[in-house]
Amino acid sequence: MFNADPAENEFSHDELRQQTNKRLTLNLLIQGAAMHSFLTSHHLVKGELESLKRGITRRYDTLSVSFALIYFWGDPAIVFGLPTWFWNRTHKPKHPFYHHRLLATRGKLLWKESKRYLVARGWKKWVIAIPGLHYAQQVWLFLMMLWSERKLKPELARLCERANSEMWGIPEDRLEAHLTTDVAFGNLHTPRTVMGKAARAAAIGYGGVVRRRDQFQVVAKSWTLPLVMHELTKGIAELVCLHGLNELDDDMYRKVTEEADQLEYETWMLQAGSEMWRRFLAAMPDQQDLPTTLMNLARLEPRPLESIMLAVVDDTKRAQAMLREFG
């Protein structure tokens, strides 16, 4: 509980809100990085994949786009509501992102651009971008992929580790990937709402950071390779962003993560985060290291971080100058 003194209460509430907003921004980047990896990272190990099973890379291209589109008109829309309904209401005081300037004012734009990008990519990969027909195709693609991977799971898990090690410059021995249907691990947050409980029940993958032998390890578990890539990248990005939370005291950290890390937010973060991450990569100055830049962003105070992220969305050249300044 906050102190009884009203002045201190006001400051503490404002600090909690600012730190929660910062965590939401970092979650947006984390989910965006994971979605980007989901769509593209299998190409980093294309040669090894093709040696295991010819044509499997093309199948991953198709499956990953199909799965990404689910967040825009598949089961998540049935459970959590239509994206148009959600993003058109960010100006309402009861909206979960009402106090988050970036998501409240740019979330709808990011969602629409993410959808446009995926639909265009889908047609190029022979994915039916029509609700209903897409769902039938997606189920068939998923079942075919599970069949194709059934004898290759250990090899595919090692390739997930290798690809992410190459992307992020983290040693492979600190990455642990599993293609499995037994996906839960670690200390999972207890859902606070009906939608959160539905998200927990429907989860087919988890990625995160665990502490083992005085060292942080990134663990990812899911059913098929693109999903494991997604979860492993999410865990690595989370590990990098922990540098921005390690100065919070235990009580503040708990309150911030309980408020910001709700499972039902993941769908919206994936929708907006996909485009957010592409714009962030476009704003990255040449020769600047991605993990270091993300770590430095995570270390910023909430308001400077917000200013840079708004520039990333609105003005690439200005964002490049801001990123170069502290990179």
Side-chain angles (χ1 to χ4, degrees), residues 22-46 64 68 102 106 110 113-114 117 121 159-177 207-209 215-220 226-246 269-270 272-302 304-327:
K22 174 180 174 178
R23 178 62 176 175
L24 287 171
T25 300
L26 294 178
N27 284 347
L28 184 67
L29 289 170
I30 289 168
Q31 295 292 353
M35 180 64 83
H36 185 76
S37 176
F38 181 58
L39 293 170
T40 62
S41 58
H42 49 275
H43 285 282
L44 292 173
V45 287
K46 181 178 179 179
S64 60
L102 174 63
R106 310 305 197 275
L110 294 170
E113 287 301 305
S114 294
Y117 173 86
R121 186 181 179 92
L159 290 178
C160 287
E161 294 166 359
R162 186 179 307 168
N164 276 275
S165 174
E166 182 177 332
M167 280 192 295
W168 292 91
I170 185 171
E172 287 185 46
D173 61 7
R174 295 187 64 184
L175 306 177
E176 184 180 312
V209 181
Q215 178 177 265
F216 286 120
Q217 193 92 3
V218 180
V219 179
L227 290 169
V228 177
M229 290 282 199
H230 170 99
E231 297 296 343
L232 201 57
T233 294
K234 184 166 70 175
I236 294 171
E238 169 70 17
L239 177 62
V240 173
C241 288
L242 282 176
H243 290 84
L245 299 173
N246 60 5
M269 290 293 181
L270 285 167
S274 180
E275 179 64 18
M276 186 77 239
W277 187 255
R278 277 191 294 275
R279 295 191 182 206
F280 173 61
L281 293 180
M284 277 276 297
D286 293 340
Q287 309 303 319
Q288 198 155 305
D289 180 66
L290 175 59
T292 302
T293 302
L294 183 59
M295 180 181 66
N296 288 338
L297 276 175
R299 286 173 167 168
L300 291 176
E301 291 299 316
L305 174 62
E306 177 187 81
S307 297
I308 291 178
M309 290 298 100
L310 287 168
V312 166
V313 177
D314 297 335
D315 189 340
T316 300
K317 289 185 177 180
R318 179 166 171 263
Q320 283 179 332
M322 296 172 79
L323 291 171
R324 189 178 294 113
E325 208 170 286
F326 75 89

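The analysis underlying the following values was restricted to heavy atoms, covering all of them including side chains, and did not include hydrogens, waters or symmetry mates.
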Participant: Look only at the side chain of S37 and the backbone of A33, and say whether a donor-acceptor pair between them is shorter than 3.5 Å.
Facilitator: no
Participant: May I ask you to test the I236-M167 pair for a side-chain heavy-atom distance under 4.5 Å?
Facilitator: no
Participant: Report yes or no: does S165 contribute a side-chain atom to a donor-acceptor pair with the main-chain N or O of E161 at less than 3.5 Å?
Facilitator: no
Participant: Find the distance between CG (L159) and NE2 (H42) and round it off to the nearest 0.5 Å.
Facilitator: 12.5 Å
Participant: Do L26 and L305 make a side-chain contact, defined as non-hydrogen atoms from C-beta onward lying under 4.5 Å apart?
Facilitator: yes
Participant: Any chance you could measure E325, atom CD, to I308, atom CD1, to the nearest 0.5 Å?
Facilitator: 8.0 Å
Participant: Taking the side chain as every heavy atom from C-beta outward, state whether R279 and T316 have any pair of such atoms under 4.5 Å apart.
Facilitator: no
Participant: To check you understand the geometry: which heavy-atom pair defines the closest contact between D173 and Q217, and what is its length?
Facilitator: O-NE2, 2.9 Å
Participant: Any idea which heavy atoms bring L232 and C160 closest together, and the distance?
Facilitator: CD2-O, 3.6 Å
Participant: Say whether, by atom type as modelled, one donor and one acceptor occur between the side chain of R162 and the main chain of E172 under 3.5 angstrom.
Facilitator: no
Participant: For a quick test of reading the model, state the closest non-hydrogen atom pair linking W277 to H36 and the distance between them.
Facilitator: CD1-CB, 3.5 Å
Participant: Please walk me through it: do L28 and M309 pass side-chain contact (heavy atoms from CB on, under 4.5 Å)?
Facilitator: CA-CA 10 Å; L28 184 67; M309 290 298 100; over 6 Å; no
Participant: Answer yes or no: is there a side-chain heavy-atom contact under 4.5 Å between S114 and R278?
Facilitator: yes
Participant: State, yes or no, whether a side-chain contact exists between I170 and N164 at a heavy-atom distance under 4.5 Å.
Facilitator: no
Participant: If you round to the nearest 0.5 Å, how far is CD of Q288 from CD of Q320?
Facilitator: 10.0 Å
Participant: Looking only at heavy atoms, which two atoms of P291 and W168 are closest? And how far apart?
Facilitator: CG-O, 3.4 Å
Participant: Is there a side-chain contact (heavy atoms from CB on, under 4.5 Å) between F280 and L290 once you walk through the steps?
Facilitator: CA-CA 10 Å; F280 173 61; L290 175 59; 3.7 Å; yes
Participant: Rounded to the nearest 0.5 Å, how far apart are CE of M35 and OH of Y117?
Facilitator: 11.0 Å
Participant: Who pairs with A319 by side chain to side chain contact (heavy atoms under 4.5 Å, CB included), at least two apart in sequence or on another chain?
Facilitator: A283, A311, V312
Participant: Might you work through the side-chain contact (heavy atoms from CB on, under 4.5 Å) test for E306 and T25, ending with a clear yes or no?
Facilitator: CA-CA 8 Å; E306 177 187 81; T25 300; 5.8 Å; no
Participant: Just to verify, which of V218, V209, T233 counts as forming a side chain to side chain contact (heavy atoms under 4.5 Å, CB included) with E238?
Facilitator: V209
Participant: S274 side chain to G32 main-chain N or O, any donor-acceptor pair under 3.5 Å?
Facilitator: no
Participant: Between M229 and S64, is a side-chain contact (heavy atoms from CB on, under 4.5 Å) present by the stated rule, with each step listed?
Facilitator: CA-CA 10 Å; M229 290 282 199; S64 60; over 6 Å; no
Participant: List the atom of L44, the atom of A163, and the distance in Å for their closest heavy-atom pair.
Facilitator: CD1-O, 3.7 Å
Participant: Roughly how far apart are S307 OG and E301 CD, rounded to 0.5 Å?
Facilitator: 12.5 Å
Participant: Donor-acceptor pair, distance only, cut-off 3.5 Å: does the side chain of Q31 make one with the backbone of K234?
Facilitator: no
Participant: Side chains of L297 and L300: closer than 4.5 Å at any heavy-atom pair?
Facilitator: yes
Participant: Is there side-chain contact between M269 and I30, with at least one heavy-atom pair below 4.5 Å?
Facilitator: no
Participant: Distance check, rounded to the nearest 0.5 Å: N27 atom CG versus L270 atom CG?
Facilitator: 10.5 Å
